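In what follows, chains carry the letters A, B, and so on, assigned in the order in which the sequence lines appear, proteins first and then strands, with residues in each chain numbered from 1. Quick caveat: nothing in here was measured; it's all calculated off a predicted structure.
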Amino acid sequence: MDTNNSDWQRTHYSSEVKPELDGQKVTLLGWIQEIRDLGGISFIILQDREGTVQITVPKRKVADEFLRKVEALQKRFSIGVRGIVKKTQMTPRGVEVIPEEIRVFSTATSQLPIDIVGKVHANLDARLDARALDLCREENIAVFKIQHTALQAIREFLLDKGFIEVFTPRIIASATEGGAALFPVDYFGKKAYLAQSPQLYKEQLTMSLEKVFEAGKFFRAEESHTRRHLNEFVSIDIEQAFASAKDVMKLLEQLIQHTCKTVSEKCQRELALLNHRLEVPTLPFKRITYDEVLADLKREGVEIPWGEDIPTPAFRKLGRIHPYFYFIVDWPTKSKAFYIKPKDENPEICEGFDLMWSWIELASGGTRIASKALLIKRLEEKGLNPESFKHHLQAFDYGMPPHAGWAIGLERLTMMLTGKKNIREVTLYPRDRFRLTP
RNA sequence: GCCCUGGUAGUAUAGUCCGGUCUAGUAUCGGCGGCUGUCGCCCGCUGGACCCGGGUUCAAAUCCCGGCCAGGGCGCCA
């Protein structure tokens, strides 16, 4: 065993080994995905982050010592291979590598907990129990490369539009925002909580940095048991000074289009591997009012009293009518958070919106209240105590600009981009009501 | 938290309805052996399982009760 590779630098990733390199010496580092030993000849599939390449060992032509080393190899051994690239008609990729030297960096147990080549597909629960190994499967590497590409595209887009990336606290003092339950933590003997959203902080930042965004983990202590909820998730939040819901909705749909376009261009191999066709949406997205939603649902035989939230089965029906992206606007004020601005001409409805993808809520946002008096009124109407918000309210004494923003769930976006139906599939180490490990 | 369905080798499943040749089948996987062009390699041998606890019965993987766990759905999710 060779426990370090300091004198061996990788010259190529597997995907870079091409027929044009015929005759050239390469150094490859990675893992054994599969071995097919035919007796006189052995085929080793070497996997790295970028794909796989075949290492071909003609056993009768190699030295005994080298042969013994090859015979001892097993699936998932971490190895280095130094050898000569050979152009060939006999592999799907048109190349193979004839090894001259092999180093074993690390071994693996012979009986793996899940099949990594996809012959017998393990259930999600078994896969999550062996997540480190599960993530080695090419399908999972594809999922997380797509997520990475999407996040890069989003950053690029927002930076280009003049947004400044910020970091707000994850540990907060007050649990009085209402709504979602918070996880308590002990903060030097004081009671504190894990943040459920950067909402109040990002609003305050519009009076200094004007246009901000944050991509970060947030926590909700809800006992949800669905395919689209996690207790720890990534939220991409923006907030913009001197802007309204209309402005940030435009920004959001452009960002979605840009992200889909970038992923469909840069991740063709990954999308093909996942057998997923990603459509780049055309703009603008449909804007459907809450009243229109109720009317759509009524035609489907579902009657919802005005002002009520839309239950999940109704959203599913709605998703069948509007199968792709659409906004729902003009929500009843009472169904949205206290900081969403009621319409001036009709305070019963508000300037909040949801971005839907079929039946799933991808993002939500709106124009925020910039008036301290109105915000206090709304807090009271929601049964919240303005005293608990005094630090936030104080910001409104120093020139809070009109502002608007939204938050999009990165995992839900990734589900859309990859075609995965369970949010746990697109989360490296998911945390849900029943899973705290690994 | 509620409802439905399920829990059988490392993994994925058959068997369960209707209890008894089930000594629990198959695939994949692991081990051993053979094989020079595989790419779901092939062939032979071999290893490995009825979630836990209680009950019914001559007899339980199979029926009943409780627990735990999982999948789906609902609720919750400013």
When you compare B/rA59 with B/rU23, how far apart are their P atoms, in angstrom units rounded to a whole number?
-> 16 Å

A/T109 near the nucleic acid: base, sugar-phosphate alone, or nothing, with a heavy-atom cut-off under 4.0 Å?
-> nothing

Might you work through the salt bridge (charged side-chain N to carboxylate O under 4.0 Å, His left out) test for A/R127 and A/D134, ending with a clear yes or no?
-> CA-CA 6 Å; A/R127 287 171 38 208; A/D134 181 47; 3.0 Å; yes

Side-chain H-bond candidate by donor/acceptor type, A/E214 with A/T168, under 3.5 Å | yes

Per A/E223 side chain, nearest of listed nucleotides B/rG1, B/rC39, B/rG37 = B/rG1

Just how far, in rounded Å, is P of B/rC77 from CH2 of A/W331?
-> 13 Å

CD (A/E101) with more than 12 external heavy atoms under 6.0 Å = yes

Using the C1' atom as the reference point in each nucleotide, state the distance between B/rU56 and B/rG19 in Å, no decimals.
-> 11 Å

Hunt down the Watson-Crick or G-U wobble partner of B/rC50, both distances under 3.5 Å, from any strand shown, or write none.
-> none

With sugar-phosphate meaning primed atoms plus P, OP1 and OP2, does A/D125 contact a base, only sugar-phosphate, or nothing at under 4.0 Å between heavy atoms?
-> sugar-phosphate

Would you say a side-chain N or O of A/N123 is under 4.0 Å from OP1 or OP2 of B/rG71?
-> no

Across every strand shown, the nucleotide meeting Watson-Crick or G-U wobble geometry with B/rC69 (both distances under 3.5 Å) is B/rG6

Mind checking the C1' distance from B/rA14 to B/rG1? Whole angstroms is fine.
-> 36 Å

How long is the line joining CG of A/D432 and C1' of B/rC69, in whole Å?
-> 13 Å

Among B/rU36, B/rG72, B/rC77, the one nearest A/N422 by side-chain distance | B/rG72

May I ask you to establish whether A/K382 and A/F338 are in a cation-pi arrangement, using a distance under 6.0 Å from NZ or CZ to the six-membered ring centre and at most 45° from the ring axis?
-> no

For atom C1', what is the distance between B/rU8 and B/rA12, given to the nearest Å?
-> 11 Å

Which base, if any, makes a Watson-Crick or G-U wobble pair with B/rG75, both distances under 3.5 Å?
-> none

Could you tell me whether A/E34 contacts a base, only the sugar-phosphate backbone, or nothing, with contacts defined as non-hydrogen atoms closer than 4.0 Å?
-> sugar-phosphate

Atom pair distance, as rounded to whole Å: CG in A/D37 and C1' in B/rC29 | 17 Å

Should A/T312 be listed as having a side-chain N or O under 4.0 Å from OP1 or OP2 of B/rG75?
-> yes

Nearest listed nucleotide, side chain of A/A122, among B/rG75, B/rC41, B/rA12 | B/rA12

Under 4.0 angstrom between A/K75 side-chain N/O and B/rG30 OP1 or OP2 | yes

Quickly work out the A/I35 CD1 to B/rC32 P distance and round it to whole Å.
-> 12 Å

Out of B/rU36, B/rG31, B/rC29, which nucleotide sits closest to the side chain of A/S110?
-> B/rG31

Would you indicate, yes or no, if B/rA12 has its OP1 or OP2 atom less than 4.0 angstrom from a side-chain nitrogen or oxygen of A/K119?
-> no

Round to a whole Å and report the spacing from CZ of A/R228 to P of B/rC77.
-> 13 Å

C1'-based separation of B/rA24 from B/rU13 [nearest Å] = 13 Å

Is the A/Y290 ring parallel, tilted or perpendicular to the A/W306 ring (thresholds 30°, 60°)?
-> perpendicular

With RNA chain B as reference, determine whether A/A126 or A/G39 sits nearer its 5' end, using the nearest nucleotide of each.
-> A/A126

Should A/R36 be listed as having a side-chain N or O under 4.0 Å from OP1 or OP2 of B/rU38?
-> no

Please work out if A/S42 contacts a base, only the sugar-phosphate, or nothing of the nucleic acid, heavy-atom cut-off 4.0 Å.
-> nothing

Same-atom distance (P) from B/rU62 to B/rG53, integer angstrom = 13 Å

For the residue pair A/W357 and A/F325, does the interplanar ring angle fall in the parallel (under 30°), tilted (30 to 60°) or perpendicular (over 60°) class?
-> tilted

Got a donor-acceptor pair under 3.5 Å from the side chain of A/S224 to the base of B/rC76?
-> yes

Closest listed nucleotide, where the reference is the side chain of A/K382 and the choices are B/rU11, B/rC41, B/rA78 | B/rA78

Below 3.5 Å, does any donor atom in the side chain of A/Q111 face an acceptor in the base of B/rG48, or the other way round?
-> no

Between B/rG73 and A/R316, is there an OP1 or OP2 to side-chain N/O distance shorter than 4.0 Å?
-> yes

Distance in angstrom units between A/R433 CZ and B/rC74 C1', rounded = 16 Å

Just checking A/R227: base, sugar-phosphate only, or nothing, at a heavy-atom cut-off of under 4.0 Å?
-> sugar-phosphate

Could you check whether A/P92 gets within reach of a base, just the sugar-phosphate, or nothing at all, counting any heavy atom under 4.0 Å?
-> base

Could you say whether A/Q74 or A/R424 is positioned toward the 5' end of RNA chain B, judged by the nucleotide with the nearest heavy atom to each?
-> A/Q74

Determine the contact category for A/H121: base if any of its heavy atoms lies under 4.0 Å from a base atom, sugar-phosphate if only primed atoms, P, OP1 or OP2 are that close, otherwise nothing.
-> sugar-phosphate

So which nucleotide does B/rG44 pair with, by the Watson-Crick or G-U wobble rule with both distances under 3.5 Å?
-> B/rC32

Under 3.5 Å on both distances, the Watson-Crick or G-U partner of B/rG20 = B/rC58

Check every atom of B/rA78, B/rC39, B/rC76 against the side chain of A/R220 and return the nucleotide holding the closest atom.
-> B/rA78

Does the distance from a Lys or Arg side-chain N to an Asp or Glu carboxylate O, for A/E100 and A/R82, drop under 4.0 Å?
-> no

Quickly work out the A/F315 CZ to B/rG73 P distance and round it to whole Å.
-> 16 Å

Check the distance between B/rC41's P and A/M90's CE and give it to me in whole angstrom.
-> 18 Å

Taking the side chain of A/E222 as its heavy atoms from C-beta onward, which of B/rU38, B/rC77, B/rA78 lies nearest to it?
-> B/rC77

Can you tell me, in whole Å, how much space there is between the P of B/rC3 and that of B/rU21?
-> 36 Å

Could you label the plane-to-plane angle of the A/F327 and A/F285 rings as parallel, tilted or perpendicular, counting under 30° as parallel and over 60° as perpendicular?
-> tilted

Would you call the rings of A/H322 and A/Y326 parallel, tilted or perpendicular, where under 30° means parallel and over 60° means perpendicular?
-> tilted

Candidates B/rA12, B/rG75, B/rG37 - which lies nearest the side chain of A/V120 | B/rA12

Mate of B/rG25 across any strand shown (Watson-Crick or G-U wobble, both atom pairs under 3.5 Å) is B/rU13

